Amino acid sequence: MSHNFEAQRRETFATFKGAKGLPAQSVIDFIFFVEETDANWGAFEKALKARGFKTRRLGDDETVIASFGPIPVTPEAIWDKERLATEIALAHDFYPDGWELAE
């Protein structure tokens with residue numbers, strides 16, 4: 001089954017409906033979890049870094065955080081990077097699990 005990018009985009013844009021008090025810019029953390037047990041974590045992180053993301057692994061052995069920015073906190077700017085990171089993730093057997101403003 002192919003990934004539904006349009007549904008993912010709609011979800012990102014919907015996040016902004018009624019949102020108040022957002023900063024003008026922020027680093028954004030995009031969250032990905034491993035889909036296949038034999039996924040190549042190193043290749044995934046290398047591909048993200050080649051496109052300007054910083055990566056870190058969570059201690060759960062399932063999750064990679066791909067950070068980018070600071071970028072404008074707008075649905076368009078976030079979706080641009082979210083789509084790019086998701087394309088990389090899917091090619092490396094990882095799956096998107098949302099995003100958040102970095103602390």
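Here the structure is a predicted model, which is why all the values come from computation and not from measurement.
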Side-chain donor or acceptor of Asp60 paired with backbone N/O of Thr63 under 3.5 Å: yes

Shortest non-hydrogen contact from Ala102 toward Ser26: N-OG, 3.9 Å

From Phe13 atom CZ to Gln8 atom CD, the distance as rounded to the nearest 0.5 Å: 11.5 Å

Atom CZ of Arg57: over 12 foreign heavy atoms under 6.0 Å: yes

Glu45 with Arg56: basic N within carboxylate O range, under 4.0 Å: no

Distance (rounded to the nearest 0.5 Å) between Ile88 CD1 and Lys46 NZ: 13.0 Å

Note, Ile28 side chain near Phe68 side chain (heavy atom, < 4.5 Å): no

Phe16 and Trp99 aromatic ring geometry - parallel, tilted or perpendicular at 30°/60° bounds: parallel

Spatial distance of atom CG (Asp80) from atom OG1 (Thr74) [nearest 0.5 Å]: 9.0 Å

4.5 Å side-chain heavy-atom contact, Phe30 and Thr86: no

Point-to-point distance, once rounded to the nearest 0.5 Å, from CD of Glu76 to OG1 of Thr12: 11.0 Å

Trp41 vs Val64 side-chain heavy atoms within contact, under 4.5 Å: yes

Min side-chain heavy-atom separation Ser67-Ile65 under 4.5 Å: yes

Worked check of side chain to side chain contact (heavy atoms under 4.5 Å, CB included) between Leu101 and Val27: CA-CA 6 Å; Leu101 303 180; Val27 171; over 6 Å; no

Atom pair CD/OG1 of Glu100 and Thr15 - distance to nearest 0.5 Å: 11.5 Å

Leu84 with Val73, same ILVMFWY side-chain cluster at under 4.5 Å: yes

Smallest separation among heavy atoms of Phe53 and Ala66, with atom names: CD2-CB, 4.0 Å

Arg9 to Phe5, cation-pi by 6.0 Å centre distance and 45° axis angle: no

Minimum heavy-atom distance Ala39-Phe94, with the two atoms named: CB-CE1, 3.7 Å

Reported CG-to-CZ distance for the pair Leu90 and Phe44, which is rounded to 0.5 angstrom: 8.5 Å

Smallest separation among heavy atoms of Ala77 and Ile71, with atom names: O-CD1, 3.8 Å

Smallest separation among heavy atoms of Phe32 and Ala85, with atom names: CZ-CB, 3.5 Å

His3 and Tyr95 aromatic ring geometry - parallel, tilted or perpendicular at 30°/60° bounds: perpendicular

Minimum heavy-atom distance between Ile78 and Pro72, given as atom pair plus value: CG1-O, 4.2 Å

